[in-house]
Amino acid sequence: MSHLHTAALKATKLNHLKQLHAQLFQRSLCSDNYWVAQLIKLCTRLHAPPTYVNRVFDSVHQPNVFIFTNILKFYSQLGAHSDVLYLFDKMQKCNVAPDAFVYPILIKASGKWGVVFHAHCIKMGHDWDRFVRNAIMDMYGKFGPLEIARELFDEIPERAVADWNAMISGCWNWGNEVEARSLFDLMPEKNVVTWTAMVTGYSRRKDLENARKYFDQMPERSVVSWNAMLSGYAQNGCSEEVIRLFNEMMSCGVCPDETTWVTVISLCSSHGDASLAEGLVKMINDKGVRLNCFAKTALLDMYAKCGNLAMSRKIFDELGTYKNLVTWNAMISAYARVGDLASARGLFDTVPEKNVISWNSIIAGYAQNGQSKVAIDLFKDMIAKDVLPDEVTMVSVISACGHLGALEFGNWAVNFLEKHQIKLSISGDNALIFMYSKCGNMKDAEKVFQSMDTRDVISYNTLITGFAAYGNAIEAVELLWKMKKENIEPDRITYIGVLTACSHGGLLEEGRRIFDSIKDPDSDHYACMVDLLGRNGKLDEAKCLIGSMAMHPHAGVYGSLLHASRVHKRIDLGEFAASKLFEIEPENSGNYVLLSNIYASARRWEDVDRVRGLMTIGGVKKTTGWSWIEHKGEMHKFIVGDRSHERSADIHRVLSETEKKMRLAGYMADTSCVLKDVEEEEMEEMVGTHSEKLAVAFALLVTEPHSVIRVVKNLRICRDCHTAIKIISKMEGREIIVRDNNRFHSFSEGQCSCKDYW
DNA sequence: ATAGGGTTAG
C-alpha cells in the first residue's frame, strides 16, 4: 500500500494520476472512499479536466465528507461556482453533514449569497472555527455590509493575521483608505498578504505612487504582490511600467504565475500591439509555460485584437472541453469585430450556455456591421427568452435604432430602461443623443446632452453631427467653443462635424477659419472644405485647395468637387474630378452617373453616351439600396422590383392610384420634363417601382389620413421622387418628413422646407 | 486573472 502513497505524492503529471488510477483499479480500490478522496485531491493539484474528476467521483457508492470537501475544492479552484453549489446540494441530499472545512469553500463560491451560510454556520456551531469565521468576515468585507465584518472582527479574542488582512481588504473595498491604513499601522504582525493588500488598495484608487511605495517597502514579495503592482499599472494604462516591472520580476528570478500571464497578455490585447504580443508569445514558448484556461482565453483575445484570427481559432479549438463561457464569448466577438458575422453567429448558436455577454457580443456585432435590423431582432429574441439585457445591450440597441431611424422602437427602448431601472453611463447617453438626432428629434438630443454631468468628446461629436445634418451651423460651431472651454480636446471627427455644419448652413468664412485652425487636417477635412467651397460657388479655390494637399486626396475629396461641378454646371472641373474618381474607385457607379448628368444638363448627348459606354465596358452596375420605413416598431424594407413584402399588392395599388391622381391633377408635365432626358428602360424604373416610392406608398397605406408620415433611413430621393412627395403632400393635405441620408426634408402643402436641395 | 457598449460623409 505504501508505494501507492508514494506514487500519489510524487505525481506531477496527469499521466501519473492515470497510472495510479489504473493500479487502484487492479486492486479494486476504485470505489474506496479514502483513495477516491486522494485521487480528487490530486486532480485539483494537477488541474485535471472536470470530466475526469466526475468519473472518479461517480465511481464511489457512498461519498463521505472528505470526498465532498475535495471535489468542492476542485470546482472552487476552477471558479465553477455553480458546480460548487450544486455539489453542496447533492451533499445534503446524501445526508452528509458539512464540517468546518466545507463552509469556507462554500462561502467563497457563493459570492454575496454567502450570507445564507452565515446562519447555517451559527446553527451548526461552526462559526467559532477560525477559518469559517475568517471566510464570513471576508465575505462581508467584499459584499457588505462592512459593519458586520467589523463587528465580527472586534469580537475575535485572538486575531490571526488572516483576520486583520480580511478586514484591511474589506476597508479598501469600500474605499476607506484611512481605516485601512490605521489597521495596517496597528497590526502587531504583518505578512506578505497584508502588504499586498495595501498595494492592491492603492492601485485600485489609481494612486500608483503610494502603491509603489508600499510595494518597494515590502520585506518580502510573493508572485501575488508582483501581480498586484502589475495589474495596478495595467489598469491605469501605464503599459511601459508594466513591461518594465515584468522584466524586473523576471530578472529577480520570480516565476510568473497564471495571473501574471493573464495580466501581461491582456495588456497586449488592449494595446493591439502585435510586436509586443509576439515577444510575449516567444517568451512563453521558450519557458515552456503551460497556460490555463484563463490565460489561453486572454491569449485568444490578444491574437484577435492584434489581427491574427487564425491563431485565435487555433487556441479555441485546442482548448476543447477546457474552454469556458468567456472563451466562447471572446471568440464570438473576435469574429464579430472583423465583420465575419456568419462565423460569429455559428458559434453563438452553438454556445452551450449563453449569458448576457454572449448576447451583447452578437448584437453589437450586427449593430457595428451595418445590420441594425438583425441586431434589433436578436434583441427581441433575447427578451422573448427572458434574458435580462443590461446597459451594454441597450447601448447597442439604441445605436441600432439611430442608424435605422427607428424612433418608435427607440422610444420603446427608452421606456424599457426606465421599467427595468437600467442606468445609462456616458456611452449610453451618447447613444441616446445619436438616436434622437438621427431621427430628427434635436430637442430630445439636446435635452439628453444637457442632463449629462460629464460629457466626453463623443458626446460633443454626436450632437455636433446632429446639428450638422440639420444645417444648424451656429449651434454646431458654438458647441465647438463650448467643448474647448470645458477642456475637451476636439478630435478629427469633431472637425468633420463642424465643417459639415458650416457647409450645410452656409457659414463660409467661419468654416474657413475653423479649417485653418486644424492642426493637421486629413483627407476627410479637405473633403468637407471642398464641399463648403463648392456649395458657395468657389470651385476654382476648391481645386487649388486639393492641389495644395500634402497627402493623396481620397475619393471623398474628388466626390465633393464632382458634386459641386454638377450643381454649378462646371464641365471642366467635373471631368477633372471624375477622371480621378474613375482611377480611385472605378466600380462606383455614382461617379459615372454624375458625370453623365453633367453632360446631360449641357445637352452634350454624345458625351452622355460615351460615359454610359464606359460603364458598360467596365462592367459597372448601378447599385440600388434599400429604403426603410418604421411602422409600429417594426422595420420594413423595399428595393426596386422587389415584391416580397407581404402587402406588396396593396402598395402597388396605392402607388398606381397616386400616380393616376397626380396625372389627373395635371402634374404630368412636372415629372415628364424630368424624365425626358433619360432612356426608355430607365424611365420605366423611375416611374415604376423605385424603392423610395414603394416606401412612401407603404407609408400612405398604413398611416391615418392627414397624419404625419415619417419616412426614414436611406431615402435618397431622386428628383422624380422629390416631386412626387411634394405632390402627395399637397393632394393628401398632410406633412411628410423624409430623411435623405442625413438631411431632413419636411413636405407640407406641396412645399419642401429644405430649400437648397435641388 | 480572461469576454460585451457610444460619434464620420456625398
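Within every chain, numbering begins at 1; the chains are lettered A, B, ... in the order of the sequence lines, protein sequences first and strands thereafter.
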*Tell me which residues in residues 388-401 of chain A put a heavy atom below 4.0 Å from DNA chain B, sorted by number, or none.*
A/D390, A/E391, A/V392, A/V395, A/S396, A/S399
*Mind checking A/D456 for me? I need base, sugar-phosphate or nothing, with any heavy atom below 4.0 Å counting as a touch.*
base
*Base, sugar-phosphate alone, or nothing: which one does A/S425 contact when heavy atoms must sit under 4.0 Å apart?*
base
_Worked verdict on A/D390 versus A/N360 for side-chain hydrogen bond (donor to acceptor under 3.5 Å, both in side chains)_ = CA-CA 9 Å; A/D390 65 6; A/N360 290 349; 3.2 Å; yes
*Assign A/R337 to base, sugar-phosphate, or nothing according to its heavy-atom contacts below 4.0 angstrom with the strands shown.*
sugar-phosphate
_Does a side-chain N or O of A/K305 approach OP1 or OP2 of B/dG4 to a distance below 4.0 Å, or not?_
yes
*Indicate whether OP1 or OP2 belonging to B/dT8 is found under 4.0 Å from a side-chain N or O atom of A/H525.*
no
*asked:* Once you apply a heavy-atom cut-off of 4.0 Å, does A/T462 come out as touching a base, just sugar-phosphate, or nothing?
replied: sugar-phosphate
_A/H568 (side chain) donor-acceptor with A/G534 (main chain) under 3.5 angstrom_ = yes
*If you look at every strand shown and take non-hydrogen atoms under 4.0 Å, does A/T263 touch a base, only sugar-phosphate, or nothing?*
nothing
*Apply salt bridge (charged side-chain N to carboxylate O under 4.0 Å, His left out) to A/D317 and list each qualifying residue two or more places apart in sequence or on a separate chain.*
A/R313
*Looking for any heavy atom pair under 4.0 Å, which part of the strands does A/N355 touch: base, sugar-phosphate only, or nothing?*
base
*Quick one: does A/D257 reach the base of B/dA1 with a side-chain donor-acceptor pair under 3.5 Å?*
no
*Might you confirm whether atom NZ of A/K543 has over 12 heavy atoms from other residues, nucleotides or ligands at distances under 6.0 Å?*
no
*Give A/D491 one of three labels, base, sugar-phosphate or nothing, depending on what nucleic acid heavy atoms sit under 4.0 Å from its own.*
nothing
*Nearest non-hydrogen partners of A/A578 and A/L595, listed with the distance*: CB-CD2, 3.8 Å
